[in-house]
There are 2 protein chains.
Amino acid sequence: MPDYTNPIATVDAVILTLEQGRLKIMLARRAAGPFQGALALPGGYVHPEEDRSLADAVRRILRGKCGVDVAYMEQLETFSGPDRDPRGWSISVAHIALVPRDALPVETEERQFHDVDDLPDLAFDHAEIVAAALRRLRGKGAYSTLPAAFLGESFTLPEMQRAYEAVLGERLNLAAFRRKVMDWGLVEDTGEKDRSTDRPAALYRLAEPFRTLERSLRTAA
Amino acid sequence: MPDYTNPIATVDAVILTLEQGRLKIMLARRAAGPFQGALALPGGYVHPEEDRSLADAVRRILRGKCGVDVAYMEQLETFSGPDRDPRGWSISVAHIALVPRDALPVETEERQFHDVDDLPDLAFDHAEIVAAALRRLRGKGAYSTLPAAFLGESFTLPEMQRAYEAVLGERLNLAAFRRKVMDWGLVEDTGEKDRSTDRPAALYRLAEPFRTLERSLRTAA
DNA sequence: ACAATAGTGTCTTTAAGACATTATTCA
DNA sequence: TGAATAATGTCTTAAAGACACTATTGT
């Protein structure tokens, strides 16, 4: 064992969702500890006795604190330093999760969903973590099927395009977007139709759960 | 402070360099502790008393253990679990550094440079960390000026192309590569020439230290 | 019939790939 | 002068962007 005191080890989760075409982040009001009463990313200590991995720790905390089961999650970045947590030198392994809105609980005083372009003050260095999460999401958005993680099991191409537009923060060319999605085999037809619009739209599902792309799905203007 | 025992916190470094057109990784022979005598990535404990950040810890260890000062370094990924270190549940924050070969020390029994395609058995889960580092390098290689970090302050375009070819593991189209590098303003002319080849080649420097690109520098065949 | 949204066709423009050609040095 | 390597020019092909058009439903 080390001669030195060990940093405190925590995990935090940036849970992103799409609500009416807007990117939202789930924030939890801190019930105890430093920054009690403030808004923060959901997170907590790693429990070596029960967690087999950091991702396990995140899932345990999200299940317990927020009643959230995430489909797609990836590790974001590890934040560290003597000053970010008043309890001492700490390490937080931040994770990012993309969840369809209807797989998340309703909003309460304890768990709120905030537009990423209009965030309140956050505890710790969580504003920095959120900024890193958004950079990652926007960077990966054009080169992967990541934005589709915001959608349900099946979705229409217009929905898919709106998800990409929300992630990338710009309008995409309709014809070119559809061409790429179809030509590259990103989705497969379910045979079903969504009848919530005037003209029913074909419902697709992702051909593979997650895929990184050789070329960008960005299709300017 | 937590009710739970805290994981052990370490950092590891994947130091990559380019030697005669081949990607090499620096490995250190373990002088003590678990896996004594085995080859491993250079790494060690975080020292909260003296390190201001994880990157600081890496630089301290590299300076002390290996006499290495890295120019470009980024955080790779955090590895964790109960079994990866015989001393107990541990967290290792892996970093990746790209260094020109001539900025690294000579090879000894204690510090060796191994071709990434022909690695020996490594201590801990370091083989997994190396695999992640290579995935990151190859993924980012085409979409950034990262491979230029293997080169010195100034370099020729043929050198730059060879660095990209080593990173991407494939030959690139000469004319298209040069077109992109020049058109996108990735480099600026130093006015100097490299006279080590028959026809002297113009020497360039990076226009900015590191840059991510909108489009890929891959220029097939 | 008309509004609304889904989906396609096609023309123009731009970028990529292939590869021949020219340029500048050394031996 | 010829071998070697650097650098450019240009033709062909493929992809992206623009945008008009057709299609299928609800009211």
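- Atom-to-atom, CG of A/Leu174 to C1' of D/dG17 comes out at 12 Å; the value is rounded to the nearest Å.
- Distances from the side chain of B/Pro200 to the nucleotides C/dG7, D/dA7, C/dT25 place C/dT25 closest.
- Residue A/Arg171 contributes atom CZ, which lies 14 Å from atom P of D/dC19 at whole-angstrom precision.
- Spacing between atom CZ of B/Arg218 and atom C1' of C/dA15 amounts to 16 Å, rounded to whole angstrom units.
- When atom types are taken as modelled, the side chain of A/Thr190 and the backbone of A/Leu203 share a donor-acceptor pair closer than 3.5 angstrom.
- The stretch residues 182-196 of chain A participates, sequence neighbours left out, in these salt bridge (Lys or Arg N to Asp or Glu O under 4.0 Å) pairs: A/Glu188-A/Arg205.
- C/dA16 atom C1' lies 12 Å from atom CG of B/Asp183, rounded to whole Å.
- The listed nucleotides are D/dA7, C/dG7, D/dA15; the one nearest the side chain of B/Ala202 is D/dA7.
- Position along DNA chain C of the nearest nucleotide to A/Thr156 versus B/Arg215 favours A/Thr156 as the more 5'-ward residue.
- Between B/Leu157 and A/Ala176, the residue whose closest nucleotide on DNA chain D is further toward the 5' end is B/Leu157.
- To the nearest angstrom, P of C/dA6 lies 15 Å from CE of A/Met182.
- Within the 3.5 Å criterion, the main-chain N or O of A/Gly43 finds a donor-acceptor partner in the side chain of A/Lys65.
- For the side-chain hydrogen bond (donor to acceptor under 3.5 Å, both in side chains) condition, the pairs that include at least one residue of residues 134-150 of chain B, sequence neighbours left out, are B/Glu74-B/Arg136, B/Glu74-B/Lys140.
- Between the CZ atom of A/Phe177 and the C1' atom of C/dT8 there is a distance of 16 Å, given to the nearest Å.
- Within residues 184-199 of chain A, the residues having any heavy atom closer than 4.0 Å to DNA chain C are, in order of number, A/Thr197, A/Asp198, A/Arg199.
- Residues satisfying the salt bridge (Lys or Arg N to Asp or Glu O under 4.0 Å) test with A/Arg29, not counting sequence neighbours, are A/Glu109.
- B/Asp121 CG: 12 or fewer foreign heavy atoms inside a 6.0 Å radius.
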N/O to N/O distances under 3.5 Å, protein versus nucleotides 10-12 of chain D:
from: D/dT10; atom 1: O4; to: B/Arg179; atom 2: NH1; distance (Å): 3.3

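- The CG-C1' distance, from A/Leu203 to D/dT24, rounds to 15 Å in whole Å.
- Within 6.0 Å of the CZ atom in B/Arg218, the count of heavy atoms belonging to other residues, nucleotides or ligands does not exceed 12.
- Nearest-nucleotide assignment on DNA chain C puts the 5′-proximal partner with A/Pro158, out of B/Ser216 and A/Pro158.
- Between A/Val187 and A/Met160, the closest side-chain pair of non-hydrogen atoms falls below 4.5 Å.
- For residues 144-165 of chain A, every residue pair satisfying the salt bridge (Lys or Arg N to Asp or Glu O under 4.0 Å) rule, not counting sequence neighbours, is listed here: A/Glu165-A/Arg171.
- Rounded to a whole Å, the CD atom of B/Gln161 is 14 Å from the P atom of D/dT5.
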